[in-house]
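So the structure is just underneath, and the comments pick up after that.
All values below were derived from every heavy atom in this structure, side-chain atoms included, with hydrogens, water molecules and symmetry-related copies excluded. Naming: A, B, ... by sequence-line order, numbering from 1 per chain.
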Amino acid sequence: MKSIEELRKVKEESLKRINLRKDREEGTRIVVSMDTCGIAAGARSILMSLLDEVNKRDLKDVTVTQTGCIGACNLEPVFEVYKPGEEKVTYVHMTLEKAKQVMEEHIINGKIVQEYTIGSNQ
Amino acid sequence: MDTVIIKINDERVEVPNDFTILQAAKKMGIDIPTLCYDERLESHAACRMCVVEVEGARNLQTSCSLKVADGMEIKTHSERVIQARKDILDLLWANHPNDCLTCEKSGECKLQEYCYKYDVKETTFEGKRKNYEIDDSSPFFYNNQNKCINCGKCVRVCSELQHTNAIGFSERGFNTHVSTPFEIGIDNSVCVSCGNCVSVCPVGALMPKSKEKFRLWETKKVRTTCSYCGVGCQMDLLVKDNKVVGVQPANGPSNNGLLCVKGKFGFNFINHPDRLNKPLIKKDGQFVESSWEEAYGLIVEKVNNIKSEKGSEVFAGFTSARCTNEENYLFQKLFRAGIGTNSVDHCARL
Amino acid sequence: MNIYRSHVLICGGTGCTSSKSDKLQKEFQNLIQKKDLDKEVKVVRTGCFGLCEAGPIVIVYPEGSFYSQIKLEDVEEIVEEHLLKGVVVKRLLYKGAISEEAIKSIYEVDFYKKQERIALKNCGVISPEDIYEYIAFDGYMGLAKALTEMSPEEVIKVVTESGLRGRGGAGFPTGLKWNFAAKATGNEKYVLCNADEGDPGAFMDRSILEGDPHSVIEAMSLAGYAIGSNQGYVYVRAEYPIAVQRLQIAINQAREKGLLGKNILGTGFDFDMEIRLGAGAFVCGEETALIASIEGERGMPRNKPPFPANKGLWQKPSLINNVETYANIPQIMLKGVDWFKSIGTEKSSGTKVFALGGKIENTGLVEIPMGTPLRKVIYDIGGGIPNGKEFKAVQTGGPSGGCITADHLDTPIDFDSLVALGSMMGSGGMIVMDEDNCMVDIARFFLDFTVEESCGKCNPCREGTQRMLEILERITEGKGEVEDIDKLERLAKTIKDTSLCGLGQTAPNPVLSTLKYFRHEYEAHVIDKTCPAGQCKALLDYFITDKCKGCTKCARVCPSSCITGKVKEIHSINNKLCIKCGACMEACPFDAIILK
Amino acid sequence: MTNSIAEVKDADVIFVIGSNTTENHPVIGAQMKQAKAQGAKLIVADPRKIDLANDSDVFLQIKPGTNIALLNSMMNVIIEEGLEDKKYIAERTEDYEELVKLVKAYTPEKIGEICEIDPEDIRKAARIYAKGDKSGIYYAMGITQHKKGTHGVMAVSNLALLCGNIGKESAGVNPLRGQNNVQGACDMGGLPADYPGYQKVFKPEIQEKFEKTWNTKLSPKVGLTIPEVIHGAEEGSVNFLYIMGENPMISDPDINHVKKALDNVDFLVVQDIFLTETAERADVVLPAASFAEKEGTFTNSERRIQRVRKAVEAPGEAKPDWVILMDIMNRLGYDKKYSSPSEIMDEIASVTPQYGGISYDRISKIGLQWPCPSKSHPGTKYLHKGVFARGKGLFMPQEYVGSVESVDSEYPYIMTTGRVLYHYHSRSMTGRVEGLNKKAPVSFIEINPATANRLNIEDGEKVKVTSRRGTITTMAKITDIIGEDTVFIPFHYADGAANVLTGTELDPIAKIPELKVTAVRIEKIL
């Protein structure tokens, strides 16, 4: 490193890699249901694509994590979005395309994609 | 040199600002006891005998190492200081053989002197004591670690002044003692037998191997110049009953209190039975003792005969780089003024 | 760059490493690969998490799940359930991480929640062997800021105004030290780091070097800039192999990245550093002895003054601070004086790391703001005394410190309050004692340590501590006399008053403070010949209780034939003849023999 | 010495050449090591890897007899690299151009071959010496005991002048005197051409002065030097010889030749404290007092006149030398009586300008360094401050010439001689001290392991050493202190005496024998 600018750049890059270790109360959490039925329904690829998006878009305040069965096996793949100050939103019957859409509209722009929510699908 | 004003025992004194408290006290004629101090060495501050009370300091301070500062107030003999010195002597005694009666150092032992001065009449501690084998491998001195008080002067003289580094501290804590590396013994070490360690030992740990039995108070000291090489070391001959029984270095300008093995230990030739004590005249190939008058008579007769026969130029004399200036002067004068030749030379070239 | 969705952090501190955390790491990596998770889950070996009681520790992020005492066979379950399926394995969680309502993340566990981590900020959070992880959390930003925006004087001003005091023991104001070293004249100066942590039970410096070595490197570079030095040395004991290894890796990485060496960050400032290994002598933690040791001399202290700031390493001006002190510096530089001063007390700002040990539930490392009451540390963070025993005293400051009794549990801890109580902060050892600890024996234990560690240079310490130990041994063996207590006290005061270095000056503290608060225990030993805590074997008697079945085994093994009794009847011991060898107690199959 | 011993400690550079200081002047050796510890640089040039070599920054293990080549080459480097003290040369010296001309040919490459050392080491040594602010040269018999010994001294002086090191504290040109009072013996006129104070016997005004003071007629004819006396005795032109406190039967070269000479004189008087090898050949032996049994003064290497005091009575009828000399002088008709050495010193002071200010009361505590011309003069710490005795410092360039002795197939090794720590000269004193004899009991020859291997000689084995003059038997000491083509024998021992082997070839100027270079062969005793 030859300058402070370079150091700053390295810091930004590095932080992305390990930011999830920070104890944060703020920011968005996307929790993917990853029980056996979820995995069978393709939850893993959803999880990976969400992670991909977060990385690509450099979303610092977004963490993607997984959880066990949330009890809606027939709606799998399922993930939940927790945004500070908002009610939890549960998206069901997810596909890669839908997940991408949720990412763009809800996570980034803050507009819930009502049509995929659990409320619209029960 | 800038000076500072300090107070020692309530008396004001002005001293150079690079003085230690010890130097300042000495200047005022106040005697502060020391065991590990030697003005030629870096201050070691280990014996803690020289501690004094310095106003404002939490602990007692070692006067050998602490430099004076303007306005400093010092007590050299307060109750607290004296108690500390007593305790230190008490502790040293607890780990020292109680054999002053027969110890050769008796009379010049600093531990003995201070125990006397500070009324430490016995040790109040019992427990472990040193038990080392005496290293008597050197032909010149003993190393009896049972008497050592770990002042470190020997080690420091060997490393800081002599730069031989033959001895050092071995082990740690209570087991600290002075030895050669790997306890191989002085004689097998790199020691050059200069005896400068022996000369600075304040107790009887490093003592010359003496042929004579003598008490130091029975001897008189005669300051003289070493008769070996051309360095001109100053030293004191210890004399008892018309015998040189020991040598101690003096602080001369060229030797700064150091000596070498020859100066320190090479004096026994003086009392050697081989010494010539009567003039000898060779008669029929054999030496026969004679009186001075006979010897002088013979020499004068020969000089006169040869001179009248062959003149002055057949005479020659070798004066000596071993004799005094006065003797060399007389020798050349004898030849030049008494005999009439300039053939006087000496072994300057050898 | 691959971004992982989950990180598994495995404690690589010395404690957890000795419980085979290195094997856990391999197992995790192995199984993660098997499950094809290696692109999603990263395994990181960190420094110490502090709660060593719970080791080996594994933390899984982003949840912050706190797994404790993990065995090799537990790994598969964590991988399968947690990493793959996202189900936290409750049975393996640290017990303090589960409450009725929910699972707590590591940050919410009492042990951590009540701490304030500055020096230990990155310990257990980053990989010490990856400079990028350090940089990610603002690493080297403090240095960058100083080099580009501040003059050396300004750096010293910040350190001074922060009120940071030396964490190695005496609490000397760090800024003042820096100032002395900066003002000292000389073309060569050195920055030294004292990592010769010697207090028994204290391991915060080791943990910092193992967990966050770059913080020390950054701080030393900062110090170099501030005082005008281009060379640093870290003196660390050879028995800290992990710390040494990680520090060396960190130095190498910093050099590689241009954060050590010539022209750091293009500012024209040069600084480099090397490690010097010590052989583990306690006294080498004393700064002048440490310097002597680096020079290749025998590790013996030198009298001060001159202080190292004027005549230190190779007689050149040298700045010497301890590891924990340095670990605070980068953040002070970055977050500023006000932030730092907002933590702690007025005269002791910031935090202090303590090593909790002895009779306490949560043994380990804790970092708390100065001014935290002892009670909070011992009960809230430390979890109190195990087995329902009564708290008796806490020993702080290691062999140089003293004991603090229950009366003073509400004292806010800082440098001055501990000294006022006759103890000291020291490097932060905190040993809790309960009713079963004999205070005379505790004093004897610490004296034994100092006698062992005395360098032997000055008379009071070399000869005096040995005599103190002998007196204490006599007392604990029941051979003490009343006068011994006074003699002990007198000797302790002289040693304190006259010793050359801090080791000797503080060596009598355990004796003086136990004499102050527990003189009655000493008196019980010498007058009544009893040990109230029941620790000193020689003062106890063997008794046979009614559990005895009269099997005669004890009587048969007794070498002094002092046990009598008929077969199938309760035996008895003649205590006048008993030599207290304990053979009977060992032989008794019914636990019928007790010491009282 | 131009400078004082106490100044050694403050030198920046110490250049030791031809002096095994730690063994022969141990207390100065220690002070050199103190200087080194304080940061001084140390250059050592010697055929043996002596103790000081281990502490040195550069060690030049030169072939015996090549000092002048080395010194000239160092000067070549200094001039080549412009390191000379130009201001000093311009202001205080003469004939600099002569030196420049002469040393031009002495390139390190060429001289490296002659001295058998690495040319780079010559450069290194030259740079260190020249760059020191206070660079002192210390030498002893390794410089002087050569056919070109005087030239060696001049080469030393040239080097010191070149870098402005004469007339400066802690620098200078410092011959270390081997004997306690060799300085004084010279000062006192123990030389065939000099009255006390180096006043020449052949100068009429001087002769007149002494004739007046001594109240007698004196000869203007320069006398004989020791080697000339020995030679004269052998061929019959010297018939009466008086030897006081010397033992040429051990210390002089070619002992067989000395023996013949002593046996050939008509009358030999020896005055000593022991019946030495020389005394054994005397017609009359006079028992003298040792230094501990008389009053007097010695003048040390740094020109300091120091007191010697009587501590004990002389044994039996032995008398102080001055009393004996006075007695004989009186009996020969020169009637001058002295009541004490102090009175003799007063007379010395009256005729010796350098000692003009010396008297016993002034030197009772600390000795004074001459020149001390008057009672108020404080003595002289170092010479040539500001101005030289002769005005300007004169460069006296000298060419290197090989030693007279040279090796051939019959005598393939160069033997050099010297002393050991534990003995002094002919051992008449040290040989009688038990401990010293225990440490250094017998004569030995130092042989390099490679050479020993070639000759199939083992450590401790007795070997025969032969030169063109004689043969001795001594013990082999195998050590890499010495190079492969060189051997070393201490000259102390009568049994295995090195001086049986040495030659009488003299330096024509100072009449010093070439003791340091003798061609020998070594044979295993079968």
Review point. So which of D:G223, D:A30, D:P287, D:A185 has the biggest tally of heavy-atom pairs under 4.5 Å with chain B?
Key: D:P287

Check your understanding: Using non-hydrogen atoms only, which part of D:V229 is less than 4.5 Å away from chain B: side chain, backbone, both, or neither?
Key -> side chain

Review point. Using a distance-only test with no angle check, is there a side-chain donor-acceptor pair under 3.5 angstrom linking D:H423 and D:T430?
Key: yes

Study note, to complete from the structure: So, the part of B:K221 with a heavy atom under 4.5 Å from chain D: the answer is neither

Practice item. Determine whether the side chains of D:Q34 and B:H163 contain a donor N or O and an acceptor N or O closer than 3.5 Å. Key: no

Point to revise | Contact summary for B:Y329 and D:W214, nearest pair of heavy atoms | key: OH-NE1, 2.9 Å

Check your understanding: Among B:L259, B:T319, B:N268, B:N256, which residue forms the greatest number of heavy-atom pairs with chain D at distances under 4.5 Å?
Key -> B:T319

Review point. With a 4.5 angstrom heavy-atom cut-off, which part of D:Y195 approaches chain B: side chain, backbone, both or neither?
Key: both

Study note, to complete from the structure: Looking only at B:I281, B:I270, B:N304, B:I339, most heavy-atom pairs under 4.5 Å shared with chain D are made by B:I270

Practice item. Compute whether any side-chain donor of one residue and acceptor of the other, for D:N247 and D:T278, lie under 3.5 angstrom apart. Key: yes

Review point. What's the spacing between D:L515 CG and D:T144 OG1 if we round to 0.5 Å?
Key: 9.0 Å

Review point. Quick one: what part of D:Q306 sits under 4.5 Å from any heavy atom of chain B, side chain, backbone, both or neither?
Key: both

Exercise for review: Please state whether the side chain, the backbone, both or neither of B:I306 comes within less than 4.5 Å of a heavy atom of chain D.
Suggested key: side chain

**Study point:** D:E293 versus chain B, the contacting section by heavy-atom distance below 4.5 Å
**Key:** side chain

Practice item. Can you tell which part of D:T216 gets under 4.5 Å to a heavy atom of chain B, answering side chain, backbone, both or neither? Key: side chain

**Study point:** For chain B, the option from D:K9, D:E317, D:K439 that forms the most heavy-atom pairs under 4.5 Å
**Key:** D:E317

Check your understanding: Using a distance-only test with no angle check, is there a side-chain donor-acceptor pair under 3.5 angstrom linking B:R322 and D:N180?
Key -> yes

Study note, to complete from the structure: The interface call for B:L237 against chain D, heavy-atom contacts under 4.5 Å, is side chain

Revision key, fill the gap. In terms of heavy-atom pairs under 4.5 Å with chain D, the winner among B:C229, B:G338, B:C233 is B:C229

Study note, to complete from the structure: Among B:A316, B:P139, B:S291, the residue with the most heavy-atom pairs under 4.5 Å to chain D is B:A316

Practice item. Using non-hydrogen atoms and a 4.5 Å limit, figure out which bit of B:V222 sits close to chain D: side chain, backbone, both or neither. Key: side chain

Check your understanding: Which bit of B:E293 comes within less than 4.5 Å of chain D, counting heavy atoms only: side chain, backbone, both or neither?
Key -> side chain

Point to revise | B:F267 side, atom CZ; D:S290 side, atom OG - distance, nearest 0.5 Å | key: 12.5 Å

Review point. Can you tell which of D:V182, D:I358, D:N181 makes a side chain to side chain contact (heavy atoms under 4.5 Å, CB included) with D:T299?
Key: D:N181

Practice item. Counting only heavy atoms closer than 4.5 Å, note whether D:R309 contacts chain B via side chain, backbone, both or neither. Key: both

Review point. So which bits of residues 272-279 of chain B come within less than 4.5 Å of chain D, counting non-hydrogen atoms only?
Key: B:H272, B:D274, B:R275, B:L276, B:N277, B:K278, B:P279

Review point. Are B:R223 and B:D236 close enough for a salt bridge, meaning some N to O gap below 4.0 Å?
Key: yes

**Study point:** Heavy-atom closest pair, residues D:V270 and D:A282
**Key:** CG2-CB, 3.6 Å

Practice item. Decide whether D:Y355 and D:D187 meet the rule of one side-chain donor and one side-chain acceptor closer than 3.5 Å. Key: yes

Exercise for review: Answer with side chain, backbone, both or neither: which region of D:V269 has an atom nearer than 4.5 Å to a non-hydrogen atom of chain B?
Suggested key: side chain

Check your understanding: Which pair of non-hydrogen atoms, one from D:P196 and one from B:Q332, has the smallest distance, and what is that distance?
Key -> CG-NE2, 3.4 Å

Review point. Of the backbone (N, CA, C, O) and the side chain (C-beta and beyond), which part of B:N325 lies under 4.5 Å from a heavy atom of chain D, both, or neither?
Key: both

**Study point:** Part of D:A233 lying under 4.5 Å from any heavy atom of chain B
**Key:** neither

Check your understanding: Just wondering, are more than 12 heavy atoms of other shown residues or ligands nearer than 6.0 Å to CG in B:L216?
Key -> yes

Exercise for review: Would you sort out whether B:Y228 and D:H425 count as a ring pair (Phe, Tyr, Trp, His ring centres under 6.0 Å), showing the intermediate values?
Suggested key: CA-CA 9 Å; B:Y228 283 107; D:H425 238 62; over 10 Å; no

**Study point:** Atom group of B:L238 that falls short of 4.5 Å from chain D, counting heavy atoms
**Key:** neither

Point to revise | Flag for B:D284-B:Q286: side-chain donor and acceptor within less than 3.5 Å | key: no

Practice item. Counting only heavy atoms closer than 4.5 Å, note whether D:E211 contacts chain B via side chain, backbone, both or neither. Key: neither

Point to revise | D:L224 portion near chain B, given a 4.5 angstrom heavy-atom threshold | key: both

Check your understanding: Think B:K209 forms a cation-pi with B:Y142, using NZ or CZ under 6.0 Å from the six-ring centre and within 45 degrees of its axis?
Key -> yes

Check your understanding: So, is the end of the D:K319 side chain (NZ or CZ) under 6.0 Å from the ring centre of B:W292 and within 45° of the ring's axis?
Key -> yes

Practice item. Check each atom of D:D194 against the heavy atoms of chain B and say whether the ones under 4.5 Å are side chain, backbone, both or neither. Key: backbone

Check your understanding: Does a donor on one side chain sit under 3.5 Å from an acceptor on the other, for D:T225 and B:D345?
Key -> no

Study note, to complete from the structure: Counting heavy-atom pairs under 4.5 angstrom with chain D, the leader among B:F269, B:F140, B:F265 is B:F269

**Study point:** Residue B:E42 excluded, over 12 heavy atoms near CD under 6.0 Å
**Key:** no

Anything under 3.5 Å between a donor and an acceptor, one on a side chain of residues 294-303 of chain B, the other on a protein residue two or more places apart or in another chain? List them.
residue: B:E294; atom: OE2; partner: B:K283; partner atom: NZ; Å: 3.0
residue: B:Y296; atom: OH; partner: D:D327; partner atom: OD2; Å: 2.7

**Study point:** Side-chain H-bond candidate by donor/acceptor type, B:T324 with B:E327, under 3.5 Å
**Key:** yes

Check your understanding: Just by distance, with hydrogens left out, do B:Q234 and B:T225 show a side-chain donor and acceptor under 3.5 Å apart?
Key -> yes

Study note, to complete from the structure: Turns out that what part of B:D187 lies under 4.5 Å from chain D's heavy atoms comes down to both

Study note, to complete from the structure: Turns out that what part of D:N215 lies under 4.5 Å from chain B's heavy atoms comes down to neither

Check your understanding: Are more than 12 heavy atoms from other residues, nucleotides or ligands located less than 6.0 Å from atom NZ of B:K243?
Key -> no

**Study point:** Positions in residues 191-200 of chain B that reach chain D, provided some heavy atom is under 4.5 Å away
**Key:** B:C191, B:V192, B:S193

Practice item. Return the option, out of D:D283, D:D321, D:I243, D:L332, with the maximum number of heavy-atom pairs under 4.5 Å with chain B. Key: D:D321

Review point. Looking only at side chains, do B:E326 and D:T297 share a donor and an acceptor under 3.5 Å apart?
Key: yes

Revision key, fill the gap. Quick note, salt bridge (Lys or Arg N to Asp or Glu O under 4.0 Å) partners involving residues 329-339 of chain B, not counting sequence neighbours, are B:K333-D:E347

Review point. What part of D:D266 gets closer than 4.5 Å to chain B, counting heavy atoms only: side chain, backbone, both or neither?
Key: side chain

**Study point:** Choice from B:S312, B:G266, B:P253 maximising heavy atom contacts with chain D below 4.5 Å
**Key:** B:P253

**Study point:** Segment of D:K221 engaging chain B (4.5 angstrom heavy-atom cut-off)
**Key:** both

